[in-house]
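What follows is a single structure, written as structure tokens, with notes after it.
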Amino acid sequence: MVILILIGIVPCIIATNVVSRSYKNRAVSLRESSVKNQCDILRAHLDSEDYLNNLDSRVVNSELALLSNVYNGRIAIIDEDFKVVTDTYDVDIGKTSVSKEVVSCFESGKGTSQYDDRNDYIIMTFPIEVKSRVTGVLLISVSTNEIAQNARLLENRGLTVTVIASFVMLILGYILAGILVRPFMRVTHAIEDVTDGYQDEAISVPDYTETLQITTAFNQMLSRVRAMDSSRQDFVSNVSHELKTPLTSMKVLADSLNGQENVPVELYKEFMQDITQEIDRMNLMIQDLLTMVRLDKKAAVLNIEKTDVAWIIEAIIKRLRPIADKRGIKISFEKVVSVVAEVDASKLELALSNLIENAVKYNVDDGWVRVNLDADRKYFYVVISDSGVGIPEEEQEHIYERFYRGDKSHSTEIEGTGLGLAITKSVIVLLRGVIKVNSRPGEGSTFQVRIPLVRQT
Ligand SMILES: Nc1ncnc2c1ncn2[C@@H]1O[C@H](COP(=O)(O)OP(=O)(O)OP(=O)(O)O)[C@@H](O)[C@H]1O
Ligand SMILES: [Mg+2]
């Protein structure tokens, strides 16, 4: 605000100064030319009256008196011997005058003019010539007091106007700032209310268009934060629940052993095996959780390198084959083209192995799993189909959620945490790819993955 007023005031002051100065200059030069005119007439009379030899000329003397009166100044005439012969102030008669102006006028035969700004007067000299010879000098000093007074008056007026204007500006600025800031204050209060937790819904400051965008953006951010918060809560409660289940069964097993007397060793062994299984399950889950947390981090570190995708798939199949063989499930792999892609090999392996593992896990005995690898110029495609139990339509949109497990998987007691596809999806998204599922209950499922061959940043 102060800066604004300064920006307003400084030019005002400068303008006032410039105006008063140019007025002064103009008035002084007008005064000079009017004095010069009068003096030219006077010089003609001096010449015609031969004044220097006839100092008593009444015509000239009265004209001198009149002029000095009109201009509120003093007129002196100096003869060839630098002697003052006439002085309207009657103080210097008979004295010698060798002032700079007089000497220069005698020497050059030209008049001079000098403005004394400080003492407010103009000194002018004019040569008195007889037959082109300078025989004397007319010296006139004219007061410019009233010009200076007028200029000062002008300055004062200007200053008064400036002061009044800045005062008005100050008040106007204050009022305007108040009006402009008000909507933002309201928004700030509304945001503060939300931060303090008074309000659980979106903020609303409907009366001002200026803040509409801010409130909209804030509300969008707020709803995202709330969504994140609720997903975090879901996650925590899911994790606790999932970790509690194996703990509960371990406790039941241990309690039942503790509650019995003379327990046969076989029973001990059996229960202990169950407990070990539960511990394995927990371990698996914690491992999956850690993987997911790592993938979740915004700047998940990707180790991008040229990777032979078929090689990864073959390794996964090799690992899963013994499990599949036990249930008579055949796994086949068809490589349409060789694919070398810029991907994070270990993360891709994680994603694909979850998919192939599911295809085996949710299959029927003596079923099949087919993996197909193809590519065009931009992407490579991995398609995993199985002859398994399939996924009902209504479950399909949930399978990528953390801890989501299909109804069948619960009821048929197939091991799993429900984190597998969540991890798979995260990896594929990180690799800028997409995943789609096609499935019918009882007929099997097909998962299609498409990932760019070249990593685009
Ligand atoms: N190929 C498939 N056939 C039938 N159902 C499937 C198939 N793949 C996934 N599902 C269903 O999707 C659910 C989620 O799969 P996801 O891989 O995320 O978890 P999971 O296999 O149960 O556990 P995890 O993989 O963490 O051990 C499964 O419980 C299952 O119901
Ligand atoms: Mg799985």
Side-chain angles (χ1 to χ4, degrees), residues 231 234-235 238-246 249 277-296 313 316-317 319-321 323-324 327-333 347-372 382-430 433-449:
S231 105
D234 285 355
F235 183 66
N238 277 337
V239 170
S240 333
H241 177 79
E242 293 299 324
L243 289 177
K244 239 180 115 178
T245 317
S249 50
Q277 247 176 31
E278 292 299 327
I279 291 173
D280 286 346
R281 214 161 87 86
M282 261 182 109
N283 241 332
L284 205 77
M285 191 150 66
I286 288 167
Q287 243 171 40
D288 280 356
L289 275 172
L290 287 175
T291 312
M292 211 163 51
V293 169
R294 252 179 259 132
L295 288 173
D296 255 7
I313 296 173
I316 297 168
I317 293 174
R319 185 161 48 81
L320 290 175
R321 196 153 267 147
I323 305 165
R327 294 173 56 203
I329 298 168
K330 288 199 175 56
I331 309 180
S332 63
F333 173 40
K347 293 212 168 71
L348 181 68
E349 134 119 70
L350 192 70
L352 294 179
S353 88
N354 266 323
L355 289 173
I356 302 172
E357 206 179 278
N358 280 350
V360 174
K361 212 156 72 166
Y362 301 106
N363 217 317
V364 289
D365 286 349
D366 303 316
W368 49 260
V369 173
R370 288 184 200 134
V371 183
N372 181 287
V382 183
V383 181
I384 299 129
S385 1
D386 64 59
S387 58
V389 293
I391 309 162
E393 184 91 36
E394 65 278 8
E395 284 187 10
Q396 285 178 17
E397 54 180 314
H398 299 294
I399 53 177
Y400 304 107
E401 290 168 12
R402 293 162 174 181
F403 296 110
Y404 181 83
R405 303 208 68 214
D407 261 352
K408 279 220 180 84
S409 353
H410 281 299
S411 54
T412 50
E413 300 281 325
I414 300 170
E415 296 258 310
T417 59
L419 289 172
L421 283 179
I423 292 173
T424 299
K425 174 114 192 205
S426 299
V427 170
I428 290 171
V429 168
L430 269 177
V434 285
I435 180 168
K436 270 196 287 188
V437 64
N438 233 314
S439 179
R440 274 213 196 151
E443 288 181 20
S445 319
T446 302
F447 281 85
Q448 287 172 287
V449 176

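Positions are given from 1 along the sequence. In listed order, ligands and their atoms are each counted from 1. Keep in mind that this is a model prediction, so the values were computed, not measured.
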By number and element, which atoms of ligand 1 are closer than 4.0 Å to a non-hydrogen atom of [X]?
X: Leu421; value: 9 (C), 15 (O), 16 (P), 17 (O), 18 (O)
X: Arg405; value: 20 (P), 22 (O), 29 (O)
X: Asp288; value: 26 (O)
X: Tyr404; value: 13 (C), 14 (C)
X: Lys361; value: 20 (P), 21 (O), 23 (O), 24 (P), 25 (O), 27 (O)
X: Leu419; value: 26 (O)
X: Ile391; value: 4 (C), 5 (N), 6 (C), 7 (C), 10 (N)
X: Ser445; value: 2 (C), 3 (N), 4 (C)

Would you name the heavy atoms of [X] and [Y] that are closest together and state the gap between them?
X: Leu243; Y: Met282; value: O-CE, 3.9 Å
X: Arg319; Y: Ser353; value: NH2-CB, 3.4 Å
X: Gly367; Y: Ser387; value: CA-OG, 3.2 Å

Legend entry - Where at least one partner belongs to residues 416-426, residue pairs that pass salt bridge (Lys or Arg N to Asp or Glu O under 4.0 Å), sequence neighbours excluded: none
Legend entry - Arg440, CZ: over 12 other non-hydrogen atoms inside 6.0 angstrom: no
Inset, instruction - Count the heavy atoms belonging to other residues, nucleotides or ligands that lie under 6.0 Å from CD of Glu394, then report whether that count exceeds 12. - result: yes
Legend entry - Residue portion contacting ligand 1 (non-hydrogen atoms closer than 4.0 Å) for Leu355: neither
Inset, instruction - For the residue pair Phe447 and Tyr400, categorise the inter-ring angle as parallel (less than 30°), tilted (30 to 60°) or perpendicular (more than 60°). - result: perpendicular
So, regarding [X] and ligand 1 (criterion: nitrogen or oxygen to nitrogen or oxygen, under 3.5 Å), is there a contact or not?
X: Asn354; result: no
X: Gly420; result: yes
X: Gly418; result: yes
X: Ala422; result: no

Inset, instruction - Apply the side-chain contact (heavy atoms from CB on, under 4.5 Å) test between Thr291 and each candidate in Ile286, Ile423, Val427; give the one that qualifies. - result: Ile423
Would you say [X]'s side chain and [Y]'s backbone share a donor-acceptor pair under 3.5 angstrom?
X: Asp386; Y: Ser445; answer: yes
X: Arg327; Y: Asn363; answer: yes
X: Glu443; Y: Gly390; answer: no
X: Thr446; Y: Ser385; answer: no

Legend entry - Partner of Ser249 under side-chain hydrogen bond (donor to acceptor under 3.5 Å, both in side chains), chosen from Gln277, Arg281, Glu278: Glu278
Inset, instruction - Run the contact test for Gly388 against ligand 1 with a 4.0 Å cut-off on heavy atoms, strictly below, and give the result. - result: no
Inset, instruction - Show all protein N/O/S atoms under 2.8 Å from the Mg ion (ligand 2), or state that there are none. - result: Asn358 OD1
